Enquirer: 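Right, I'll just put the structure down here and ask away after.
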Amino acid sequence: MNAPSISDRGPRRFGWPQRVFSQVLLMQLAIITGVTVLVTGLFLAPLSAQLDDEAMRRALAIAQSTAAQPGIAEDLRTTEASASGPVQSAAERIRRATGAEYVVVMDRRGVRWSHPETDRIGEVVSTDPGDALRGREVMEIDSGTLGRSARGKVPLRGPGDEVVGAVSVGIEYDSVRARLLGAIPGLLAYAGGALAVGALAAYLISRRLQRQTHDLAFSDISALLTEREAMLHSIREGVVALDGTGRIRLLNDEAQRLLGLGPEAAGRPLAEVLDSGRTADVLAGRVVGDDLLAVQSGRVLLANRMETDDGGAVVTLRDRTELEHLGRELDSTTGLIDALRAQDHEHANRLHTLLGLLELEMHEDAMEFVTEVVGVHRATAEQVTEKVQDPLLAALLVGKATVAAERGVSLRLAPGTLLPDRVVDPRGLVTVVGNLVDNATDAAAGSGDARIEVGLRAEGRTVVLRVRDSGPGIAPEQYASIFTEGWSTKDLPAHGKRGLGLALVRRLAERQGGSVTVAGADGGGAVFTVVLPEALAGPETADPATAPHPATTGDSR
């Protein structure tokens, strides 16, 4: 199916694109950009906290090192706070060596003994030193006389571990922020690289999606899906789609009807929903060819299978049941016409014989001749209707006997034949008998002493049918295959298909819980035996008033 052109999609709208390719690409780019921004933000947030913590720990470590310097606690107790005092000198030396913003040493009153700005020596510190003077170490970000800084405060202990003051060290907060800002360009570069790679991957995926969707819009795909569903479920041809594992992907309404399945079969393996046989083999691809015949639930199906690119297949099914019946009727009609043509010649010969007898004034011989000709036909009809009391079957056998006689084949009933008029499905039994007699006639025609023997008897409610012919017989290795659809030893008929008669016989027998078998006959030929349980109604359900009287039926013919 061709993709609709852009002109078929209505007026062009600006804004959100309509094609699947464009929409998916934009959505992927938006997702990638959002994820990149989120990840970058989530990375920067802990980085800032990490840098703050690192600066505070560095300030605390410098304060600890300063408090551990020998002599500072002693100088704090023995000297005066001055710009030239030993405490200021030691603190400044440490500040310059470590790069700290300030190193302040204070006594227990909070008075500074050191400061980068010497005029502040002797003043009380601007932030509360209480925790450090109580013997606890402190890390914090706070603002003082030199601005905002990361601070570390530790107690300064004298002899006997007595707290004599405290040391406060500050790291300039601008340097911490500068480190954070310095890390951002590199982080953004990595984020930009990741965004570029993601955008390229999104573009490539979207291009592949564009090829697979034939550059359609979502509305086009939705319309195509709706049209496909409407088309598949409205056509009078069965469609079965299978995936690469043999699982049913699609089963339209006609396929469900032809195969006798329900909508629940979709999604299940083919082997689970269809019994083993030719139909399952054709659908699964184990039998290949065009216009393959199969019989399913008494229906004659014509199947064609086409492989798909993903390893699956699409199978189309056509119902040829009615066409096959018409073809068989055509074959029967052709045979009947040939028989009538032969009867016409024979009737003309009989009339000529009768005319000759009359012209020779051999009236008694003429009467005997007419009586003999009429009596043979009447005797045959009366014999059949006496033993086969179902009118459809009796009429079928009389007609088949006439056609067989014109082909040089004698059709007779087997000894012990007796079938009461209690057949549950006369038409199904007519199909079984007709197919077997036709095959037997074809097999026996042309053989020496060509004959067919038909036996019908009732065993309770079971009907046992035997058809024996004097033909060439069937090889034992072919006993199983002759009931397969498409198997035949005959030339193609007018409708171009053979190999369905015995398959239909088997399906009809199996549908009634029966069976059909074949074996070799004594003296040559083949014997087909069909057993049909429950084929007869019980005696209590039969209507004696409607049962045909044998003599009446025979007279009517």
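We're numbering straight along the sequence, starting at 1. Worth saying up front: this structure is predicted, and the values here are computed from it rather than measured.
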Enquirer: Rounded to the nearest 0.5 Å, what separation is found between the CG atom of L242 and the CZ atom of R247?
Expert: 11.0 Å
Enquirer: Between the main-chain N or O of E237 and the side-chain N or O of N252, is there a donor-acceptor pair closer than 3.5 Å?
Expert: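 Side chain of N252 to backbone of E237: a pair is present.
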Enquirer: For T517 and V527: C-alpha separation, side-chain torsions, deciding distance, then whether side chain to side chain contact (heavy atoms under 4.5 Å, CB included) applies.
Expert: CA-CA 8 Å; T517 57; V527 177; over 6 Å; no
Enquirer: As an exercise, state the distance from NZ of K400 to CG of L436, rounded to the nearest 0.5 Å.
Expert: 11.0 Å
Enquirer: Could you tell me which non-hydrogen atom of A280 sits nearest to which non-hydrogen atom of L270, and how far apart they are?
Expert: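 That would be O-CD2, 4.0 Å.
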Enquirer: Any chance you could measure F528, atom CZ, to L465, atom CG, to the nearest 0.5 Å?
Expert: 11.0 Å
Enquirer: Determine the minimum heavy-atom distance between L396 and V430, stating which atoms define it.
Expert: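 The answer is CD2-O, 3.7 Å.
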Enquirer: Distance from T316 atom OG1 to M306 atom CE, nearest 0.5 Å?
Expert: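 Rounded to the nearest 0.5 Å, the OG1-CE separation comes to 8.5 Å.
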Enquirer: Take R468 and D522 through the salt bridge (charged side-chain N to carboxylate O under 4.0 Å, His left out) test and state the conclusion after the steps.
Expert: CA-CA 10 Å; R468 173 178 176 178; D522 296 337; 5.6 Å; no
Enquirer: Any idea which heavy atoms bring P420 and L418 closest together, and the distance?
Expert: CD-O, 4.0 Å
Enquirer: Any idea which heavy atoms bring R249 and G312 closest together, and the distance?
Expert: NH2-CA, 4.5 Å
Enquirer: With the side chain counted from C-beta on, respond yes when E254 and V240 share a heavy-atom pair under 4.5 Å apart, and no when they do not.
Expert: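 A side-chain contact is absent here, since even the closest heavy-atom pair is not under 4.5 Å.
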Enquirer: Looking at E459 and R457, is any side-chain nitrogen of the basic one under 4.0 Å from a carboxylate oxygen of the acidic one?
Expert: yes
Enquirer: With side chains defined as the heavy atoms from C-beta onward, is the minimum distance between V239 and V315 less than 4.5 Å?
Expert: no
Enquirer: Side chains of V282 and L301, heavy atoms from C-beta outward: is any pair under 4.5 Å?
Expert: no
Enquirer: Whether D390 and R422 form a salt bridge (side-chain N of Lys/Arg under 4.0 Å from carboxylate O of Asp/Glu) is what I want to check.
Expert: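 Between D390 and R422 there is no salt bridge, as every charged N stays at least 4.0 Å from the carboxylate O atoms.
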Enquirer: Can you name the salt bridge (Lys or Arg N to Asp or Glu O under 4.0 Å) partners of E264, sequence neighbours left out?
Expert: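 Scan of E264 (salt bridge (Lys or Arg N to Asp or Glu O under 4.0 Å), adjacent residues dropped) gives none.
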Enquirer: Can you find a heavy atom in the side chain of D310 that is under 4.5 Å from one in the side chain of D243?
Expert: no
Enquirer: Just so I know, are the side chains of P533 and R461 near enough to count as touching, which here means a heavy-atom distance under 4.5 Å?
Expert: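 No - every pair of side-chain heavy atoms lies 4.5 Å or more apart.
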Enquirer: Just how far is it from atom OG of S470 to atom CD of E453, taken to the nearest 0.5 Å?
Expert: 11.0 Å
Enquirer: Should D421 and P391 count as side-chain neighbours, where that means a heavy-atom distance under 4.5 Å?
Expert: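 Heavy-atom side-chain distance check passes, below 4.5 Å.
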Enquirer: When you measure from the side chain of R466 to the backbone N and O of A414, does any donor-acceptor pair fall under 3.5 Å?
Expert: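 Looks like no, no N/O pair under 3.5 Å.
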Enquirer: Under a 4.5 Å cut-off applied to non-hydrogen side-chain atoms, are L393 and V433 in contact?
Expert: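 Yes. Closest side-chain heavy atoms under 4.5 Å.
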Enquirer: How about V437 and V454: do any of their side-chain heavy atoms sit closer than 4.5 Å?
Expert: yes
Enquirer: Determine, step by step, whether L429 and L532 satisfy the side chain to side chain contact (heavy atoms under 4.5 Å, CB included) criterion, reporting the C-alpha distance in whole Å, the side-chain angles of both residues, the deciding distance to 0.1 Å, and the verdict.
Expert: CA-CA 9 Å; L429 190 53; L532 300 175; 3.6 Å; yes
Enquirer: Can R451 and D469 be counted as an ion pair, charged N to O under 4.0 angstrom?
Expert: no
Enquirer: So how far is it from D425 CG to L536 CG, rounded to the nearest 0.5 Å?
Expert: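 Here the interatomic distance stands at 11.5 Å.
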Enquirer: Identify the heavy atoms of G408 and A450 that sit nearest to each other, and give their distance.
Expert: O-CB, 3.5 Å
Enquirer: Go through it in stages, so that I can follow the logic: the residues are L413 and L397, the test is side chain to side chain contact (heavy atoms under 4.5 Å, CB included), and I'd like the CA-CA distance, side-chain angles, deciding distance and then a yes or no.
Expert: CA-CA 9 Å; L413 295 178; L397 290 174; 4.0 Å; yes
Enquirer: Using the side chain to side chain contact (heavy atoms under 4.5 Å, CB included) rule, take R305 and V288 through it: C-alpha gap first, then chi angles, then the decisive distance, then the call.
Expert: CA-CA 8 Å; R305 190 176 192 272; V288 296; over 6 Å; no
Enquirer: Looking at every non-hydrogen atom in both residues, tell me the closest pair between V463 and A535 and how far apart they are.
Expert: CG2-CB, 3.7 Å
